2 protein chains.
Amino acid sequence: MSTSPDLIDTAQCLCLASRRASRAITRAFDRELRAHGLRATQFTLLATLSLKGGQTIGELAEFIVADRTTMTRNVALIEEKGLVEVRQHEDDARVRVVTITAWGRETLAAALASWGEVQGSLTEAMGTSAADGLRRLANSDWARPGARNDIKQGRRETAA
Amino acid sequence: MSTSPDLIDTAQCLCLASRRASRAITRAFDRELRAHGLRATQFTLLATLSLKGGQTIGELAEFIVADRTTMTRNVALIEEKGLVEVRQHEDDARVRVVTITAWGRETLAAALASWGEVQGSLTEAMGTSAADGLRRLANSDWARPGARNDIKQGRRETAA
DNA sequence: GCCTCATAGGTGTAGATACATCCATCTCGT
DNA sequence: ACGAGATGGATGTATCTACACCTATGAGGC
């Protein structure tokens with residue numbers, strides 16, 4: 001059905017909604033993290049590396065649900081700042097492993113309070129149920145790469 | 001309280017969640033809209049202009065919850081493509097009014113079906129309650145500029 | 001050992017985003 | 001009429017984002 005939706009339906013656009021929300025939320029975090037010289041994305045990467053230990057470019061990209069090429073550049077920026085180190089993988093010469101540095105941990109620890117303030121006020125402003133809903137949404141399988149994203153990869157083989 | 005949250009709390013980061021979601025959703029729309037030469041943001045602008053008529057740069061920025069300077073450049077791109085026209089306001093020489101062109105309406109109409117497909121499959125994938133929640137979130141007052149955003153504007157005057 | 005293919009990253013290019021700052025213009029009080 | 005402050009946009013700069021494409025390397029089959 002619905003060969004062509006009505007223009008008025010676009011008022012419910014999920015892309016507009018998600019981008020509105022992420023812009024507003026990102027601005028809030030960026031403002032506070034700025035005092036520590038971090039962007040929200042960079043804070044996320046440091047926190048991830050601190051919690052999970054060394055990660056490859058691909059693992060980081062998958063975790064934050066971004067393109068690998070995006071992660072290449074995101075990592076390069078925090079590497080230049082000395083917040084992380086990038087080494088060759090021991091067994092696989094293709095793989096590059098990213099680890100947080102001591103300076104990265106220091107910066108992260110210092111920024112953690114600011115993060116908590118924004119997280120707290122945002123949670124209060126939007127309500128805990130909305131916050132939980134957003135997290136569930138972001139952790140759903142459909143958001144993962146490979147879910148429906150491989151349609152355009154050209155895998156029209158018969159069975160594999 | 002919570003002078004410094006624990007690192008493990010960052011796993012619940014709303015910024016990561018919102019950016020994850022918007023990246024995944026935007027990629028889905030961008031892939032389909034590409035056939036029509038549009039990005040998701042550009043589609044949103046065309047749909048907005050088609051529904052609401054002529055809008056100023058500032059009005060558009062406020063509507064999609066973005067910075068005015070971002071909107072200046074977003075509009076410039078679709079203007080170069082001939083999708084919109086920008087004219088001086090009749091009464092106020094500072095204001096620039098953006099209107100959709102005939103070509104813009106054509107492009108929008110052609111892209112509407114693609115938009116509907118993505119909107120439909122995403123809604124199904126995430127569930128209607130999650131979709132509604134995301135829209136409510138994006139339409140909340142806290143996301144609006146001026147809500148808490150003016151704190152850093154430097155308005156530490158006594159009463160105004 | 002070699003060839004084919006898959007995998008991990010990097011580069012070129014383009015758009016989206018926002019802050020600081022600048023310019024032009026409007027508003028309003030005097 | 002004039003000046004101060006507010007308002008609407010534009011520009012410089014930096015980051016985030018992704019697709020197309022490229023290179024290097026690993027994995028398997030023969």
Side-chain angles (χ1 to χ4, degrees), chain A residues 15-16 19-20 22-31 33-34 37-45 55-62 64-81 86 88-98 145 149 152-155 157 160, chain B residues 15 19-20 22-31 33-34 37-45 55-62 64-81 86 88-89 91-98 145 149 152-155 157 160:
Chain A
C15 191
L16 171 59
R19 288 175 79 81
R20 266 181 177 165
S22 76
R23 276 190 293 259
I25 292 173
T26 300
R27 276 199 299 269
F29 279 99
D30 274 351
R31 267 197 300 274
L33 292 174
R34 194 165 214 202
L38 290 177
R39 297 305 226 41
T41 305
Q42 301 172 343
F43 176 87
T44 297
L45 289 179
Q55 299 280 294
T56 70
I57 301 285
E59 286 168 343
L60 287 173
E62 186 174 356
I64 75 163
V65 190
D67 194 86
R68 281 204 322 281
T69 67
T70 298
M71 192 50 58
T72 294
R73 304 178 210 243
N74 286 351
V75 166
L77 286 171
I78 53 178
E79 186 187 14
E80 288 166 17
K81 291 182 180 178
V86 183
Q88 289 295 319
H89 191 280
E90 301 176 21
D91 302 324
D92 192 332
R94 297 170 300 180
V95 178
R96 316 237 298 150
V97 180
V98 187
N149 301 16
K152 54 99 42 178
Q153 274 288 28
R155 300 166 160 279
E157 77 292 5
Chain B
C15 191
R19 288 176 79 81
R20 266 181 178 166
S22 77
R23 276 190 293 259
I25 292 173
T26 300
R27 276 200 297 270
F29 279 99
D30 274 351
R31 268 197 300 273
L33 292 174
R34 193 164 214 200
L38 290 177
R39 298 303 221 53
T41 305
Q42 301 173 345
F43 176 88
T44 297
L45 290 180
Q55 299 281 294
T56 71
I57 300 284
E59 287 168 342
L60 287 173
E62 185 174 358
I64 75 163
V65 190
D67 195 86
R68 281 204 321 281
T69 67
T70 298
M71 191 51 58
T72 295
R73 303 177 212 242
N74 286 351
V75 167
L77 286 170
I78 53 178
E79 186 187 15
E80 289 165 18
K81 291 182 180 179
V86 184
Q88 289 294 322
H89 191 279
D91 303 322
D92 191 333
R94 297 170 300 178
V95 178
R96 317 235 299 148
V97 181
V98 186
N149 301 16
K152 54 101 38 177
Q153 275 287 29
R155 299 164 160 280
E157 78 293 5

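So you know, we letter chains A, B, ... as the sequences are listed, proteins then strands, and number each from 1. Keep in mind that this is a model prediction, so the values were computed, not measured.
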J.: With rounding to the nearest 0.5 angstrom, report the CG to CG distance, B:Leu45 to B:Asn74.
T.: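 Between atom CG of B:Leu45 and atom CG of B:Asn74 there are 6.0 Å.
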
J.: Has A:Asp30 got a side-chain atom pairing as donor or acceptor with A:Ala40's backbone, closer than 3.5 angstrom?
T.: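 Checked: pair present.
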
J.: Tell me the interatomic distance from A:Leu77, atom CG, to D:dT17, atom C1', rounded to whole angstroms.
T.: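 To the nearest whole Å, that distance equals 12 Å.
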
J.: Considering the terminal five base pairs at each end of the helix from C:dG1-D:dC30 to C:dT30-D:dA1, what angle separates the two local helix axes, rounded to 10°?
T.: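 One end axis against the other gives 10°.
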
J.: With the criterion being N/O to N/O and under 3.5 Å, what pairs connect the protein with nucleotides 23-25 of chain C, and how long is each?
T.:
residue : atom : partner : partner atom : Å
C:dT25  : O2   : B:Arg94 : NH1          : 3.3

J.: What residues form a side chain to side chain donor-acceptor pair (under 3.5 Å) with A:Ser22, not counting sequence neighbours?
T.: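 Checked A:Ser22 against side chain to side chain donor-acceptor pair (under 3.5 Å); matches are B:Ser22.
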
J.: What is the distance, rounded to the nearest whole Å, between atom CZ of B:Arg23 and atom P of D:dT15?
T.: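 That distance rounds to 17 Å.
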
J.: List in chain and number order the residues that pass side chain to side chain donor-acceptor pair (under 3.5 Å) with A:Arg20, two or more places apart in sequence or in another chain; answer none if no residue qualifies.
T.: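 Once residues adjacent in sequence are excluded, the partners of A:Arg20 under the side chain to side chain donor-acceptor pair (under 3.5 Å) criterion are B:Asn139.
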
J.: Looking across every strand, which nucleic acid part, if any, lies under 4.0 Å from A:Thr56 by heavy atom: base, sugar-phosphate, or nothing?
T.: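 The answer is sugar-phosphate, as A:Thr56 gets under 4.0 Å only of primed atoms, P, OP1 or OP2.
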
J.: May I have the distance from B:Ile64 (atom CD1) to C:dA16 (atom P), rounded to whole angstrom?
T.: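 To the nearest whole Å, that distance equals 9 Å.
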
J.: Name every residue in residues 67-76 of chain A that has at least one heavy atom under 4.0 Å from any atom of DNA chain D, in order of residue number, or write none if there are no such residues.
T.: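 Correct list: A:Asp67, A:Thr69, A:Thr70, A:Arg73, A:Asn74.
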
J.: So, using salt bridge (charged side-chain N to carboxylate O under 4.0 Å, His left out) as the criterion, who are the partners of B:Arg94 when residues are at least two apart?
T.: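 Residues passing salt bridge (charged side-chain N to carboxylate O under 4.0 Å, His left out) with B:Arg94: B:Asp92.
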
J.: Specify the separation, in whole Å, of atom CG of A:Leu33 and atom C1' of C:dA18.
T.: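 Interatomic distance, CG of A:Leu33 to C1' of C:dA18: 15 Å.
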
J.: Return the value, rounded to whole Å, for the distance between atom CZ of B:Arg34 and atom C1' of C:dA14.
T.: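 It works out to 10 Å between those atoms.
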
J.: Kindly compute the distance separating CZ (A:Arg23) from CD1 (A:Ile25), expressed to the nearest 0.5 Å.
T.: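 One finds 11.5 Å between CZ of A:Arg23 and CD1 of A:Ile25.
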
J.: Distance check needed: D:dT23 C1' versus A:Gln88 CD, whole Å only.
T.: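 Taking atom C1' of D:dT23 as the reference, CD of A:Gln88 is at 14 Å.
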
J.: DNA chain D: B:Gly58 or B:Asp30, which has the more 5' nearest nucleotide?
T.: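 Upstream on the strand: B:Gly58.
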
J.: Please list, chain by chain and in numerical order, all residues satisfying side-chain contact (heavy atoms from CB on, under 4.5 Å) with B:Arg96, sequence neighbours excluded.
T.: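 Partners of B:Arg96 under the side-chain contact (heavy atoms from CB on, under 4.5 Å) test: B:Ile57, B:Val86, B:Gln88.
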
J.: In whole angstrom, give the distance that lies between atom CZ of A:Arg96 and atom C1' of D:dT25.
T.: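 So the CZ-C1' distance, A:Arg96 to D:dT25, works out to 14 Å.
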
J.: Please state how far atom CD in A:Glu59 lies from atom P in C:dT7, giving the value in whole angstrom units.
T.: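 Whole-Å distance recorded here is 15 Å.
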
J.: With sequence neighbours excluded, tell me which residues meet side chain to side chain donor-acceptor pair (under 3.5 Å) with B:Thr26.
T.: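 A:Arg19.
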
J.: Under the side-chain contact (heavy atoms from CB on, under 4.5 Å) rule, collect the residues that match up with B:Leu77, sequence neighbours excluded.
T.: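 Listed in chain order: B:Gln42, B:Glu80.
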
J.: Holding to side chain to side chain donor-acceptor pair (under 3.5 Å), I want the full list of residues that pass it with B:Thr69, two or more places apart in sequence or in another chain.
T.: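 Residues passing side chain to side chain donor-acceptor pair (under 3.5 Å) with B:Thr69: B:Asp67.
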
J.: Taking only residues two or more places apart in sequence or in another chain, which ones pass side-chain contact (heavy atoms from CB on, under 4.5 Å) with B:Gln55?
T.: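 For B:Gln55, the residues satisfying side-chain contact (heavy atoms from CB on, under 4.5 Å) (neighbours in sequence not counted) are B:Leu49, B:Lys52, B:Glu59, B:Leu60.
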
